[in-house]
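By convention in this document, chain letters (A, B, ...) are assigned in the order of the sequence lines, proteins followed by strands, and residues within each chain are numbered from 1. Keep in mind it's a predicted model, so treat the numbers as computed, not measured.
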2 protein chains.
Amino acid sequence: MTANSKEAILAAAKQSAQAHGYGGLNFRDLASEVGIKAASIYHHFPSKADLGVAVARRYWEDTKEDLDNLREADDPSSALRQYPGIFRRSLENANKLCLCSFMSAEYDDLPEPVKKEVQTFADVNVAWLSKELTAAGVVPAKKSEERARAIFAAVAGAQLMARSRSDIALFDTLIECYRAAGLLPA
Amino acid sequence: MTANSKEAILAAAKQSAQAHGYGGLNFRDLASEVGIKAASIYHHFPSKADLGVAVARRYWEDTKEDLDNLREADDPSSALRQYPGIFRRSLENANKLCLCSFMSAEYDDLPEPVKKEVQTFADVNVAWLSKELTAAGVVPAKKSEERARAIFAAVAGAQLMARSRSDIALFDTLIECYRAAGLLPA
DNA sequence: ACCTGAACACCGTTCAAGT
DNA sequence: ACCTGAACACCGTTCAAGT
């Protein structure tokens, strides 16, 4: 074992939750991947709900960092152009789904604090998109949040559909079609 | 018990799968809702996979019927306008998700024959949309399938996002925004 | 601090046996 | 045909004990 167990658990849980959801997360498989026993996980996370919260929070934190890096590296138009790439990378990574899309599906069965983190993921994406859309002059400031939400929902939907076909090219076609139709800036 | 058990199981399983997914489908709760024991379900469906196939097939058959009715009752433009209503009705029904969106998330853990039914659901939607888009003159025939796929993915994404907020008004706003942006015909 | 074996209560699933 | 009791496998969780 290289790093500390807590980080290793978090990383493994993130991968598993993106493939199998919160319900599909199980401590025994998780532990064996990390090289400890299931009971040991409880030393780091007092319950499954706590692990779920930690994974979802880390997930949006990582995404926020990716988004901020995009913003710093490029002008708003280019940054917006690269936004779908974040969802594409999940598909590239063993056809994985956005953790928060999966958890949105599972919403009824999620512990309350996990729900909050899922919503924060959406909020982070919408806020970033909204700011870039305004900065790029795509839509007036008054309409930017609404458009941001539409883009977020559509890109998540494209990822979901592409995953169900294990077809990254389909994802690319869908994004191109969003651009051609006018939902995403060309 | 009114009708036969098999139909009652199918109906209850459909509701449960839309709320909790294929993984969340559980025979004990299902049985108690129908008024029999869990083991009795296996008399009607030899395995969970068989039940999953039956539920998913029934689901797309029902949707196909709804779509065909829409087509017969209205001209292509009006029919297209009412398309998102099919997804809206799931949300109205106790904030439920499209069964096939949920199963797309769960794709890695689905039995092979269930995967096929999930794809057929998408195919049915895309074929209907494609035909109506061409008939309504929204896009040239050559581009209609691609656009149909984009609409299907985007509407499913809107439903997923609205579900995670238990907010039907958000679904309506997203659909309106798709129209304003040009993805859906106005 | 960090980990484990063993156990607990629970639940989805299966199957041989009932009617 | 239709249903069930009982068993099985697995789950999240706990805890006393190990280092």
Side-chain angles (χ1 to χ4, degrees), chain A residues 1-56 99 102-103 105-115 117, chain B residues 1-56 99 102-103 105-114:
Chain A
M1 182 186 335
T2 58
N4 64 83
S5 289
K6 187 162 186 172
E7 281 302 317
I9 294 165
L10 222 40
K14 181 188 156 193
Q15 294 295 315
S16 176
Q18 281 185 259
H20 312 292
Y22 178 78
L25 248 187
N26 85 77
F27 278 40
R28 282 189 171 89
D29 289 351
L30 211 54
S32 91
E33 217 159 314
V34 175
I36 57 178
K37 297 293 164 183
S40 308
I41 295 178
Y42 288 85
H43 183 261
H44 303 282
F45 302 97
S47 73
K48 185 177 181 180
D50 288 288
L51 176 60
V53 167
V55 168
L99 176 64
F102 213 137
M103 287 185 166
E106 295 176 297
Y107 208 68
D108 284 1
D109 302 317
L110 250 32
E112 200 56 51
V114 178
K115 290 183 183 178
E117 302 300 330
Chain B
M1 176 183 344
T2 56
N4 64 82
S5 291
K6 189 163 185 171
E7 279 302 316
I9 293 165
L10 221 40
K14 181 188 158 192
Q15 294 295 316
S16 175
Q18 281 186 259
H20 312 292
Y22 178 78
L25 246 186
N26 85 77
F27 278 39
R28 269 206 181 102
D29 291 351
L30 213 55
S32 90
E33 218 158 314
V34 175
I36 55 178
K37 297 292 165 185
S40 308
I41 295 178
Y42 289 85
H43 182 260
H44 303 282
F45 302 97
S47 74
K48 186 176 180 180
D50 288 289
L51 176 59
V53 167
V55 169
L99 176 64
F102 214 137
M103 287 186 166
E106 294 176 296
Y107 209 67
D108 283 2
D109 302 316
L110 250 34
E112 201 56 51
V114 178

Rounded to the Å, how far apart are [X] [atom1] and [N] [atom2]?
X     : N      : atom1 : atom2 : value
B:F27 : C:dG12 : CZ    : C1'   : 8 Å
A:I9  : D:dG12 : CD1   : P     : 14 Å
B:L51 : C:dT14 : CG    : P     : 12 Å
B:F45 : C:dT13 : CZ    : C1'   : 16 Å
A:L30 : D:dG12 : CG    : C1'   : 13 Å
A:K37 : D:dG18 : NZ    : P     : 18 Å
B:N4  : D:dC2  : CG    : P     : 8 Å

Indicate whether OP1 or OP2 belonging to [N] is found under 4.0 Å from a side-chain N or O atom of [X].
X     : N      : answer
A:S40 : C:dT4  : yes
A:H44 : C:dC3  : yes
B:S5  : D:dC3  : yes
B:N26 : C:dC11 : no
B:S47 : C:dT14 : no

Between [options], which nucleotide has the shortest distance from any of its atoms to the side chain of [X]?
X     : options               : result
A:K48 : D:dC3, D:dT13, C:dC3  : D:dT13
B:I36 : D:dT4, C:dC3, D:dG12  : D:dT4
A:H43 : D:dC11, C:dA1, D:dT13 : C:dA1

| request: By nearest nucleotide on DNA chain C, pick out whichever of B:Y42 and A:R28 is the more 5' one. | output: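 That would be A:R28.
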| Residue whose closest nucleotide on DNA chain D lies nearer the 5' end, A:D29 versus A:A39 |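 Residue closer to the 5' terminus by nearest nucleotide: A:D29.
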| task | Under a 3.5 Å limit for both distances, which nucleotide forms a Watson-Crick or G-U wobble pair with C:dC2, could you say? | result | D:dG18
| request: Please work out if A:L25 contacts a base, only the sugar-phosphate, or nothing of the nucleic acid, heavy-atom cut-off 4.0 Å. | output: sugar-phosphate
| query | In terms of side-chain heavy atoms, does A:D29 have a donor or acceptor partner in A:S32 at a distance below 3.5 Å? | reply | no
| Closest non-hydrogen atom pair, B:Y22 against B:P111 |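 Scanning both residues completely, I find the closest heavy atoms to be OH-CG, 3.4 Å.
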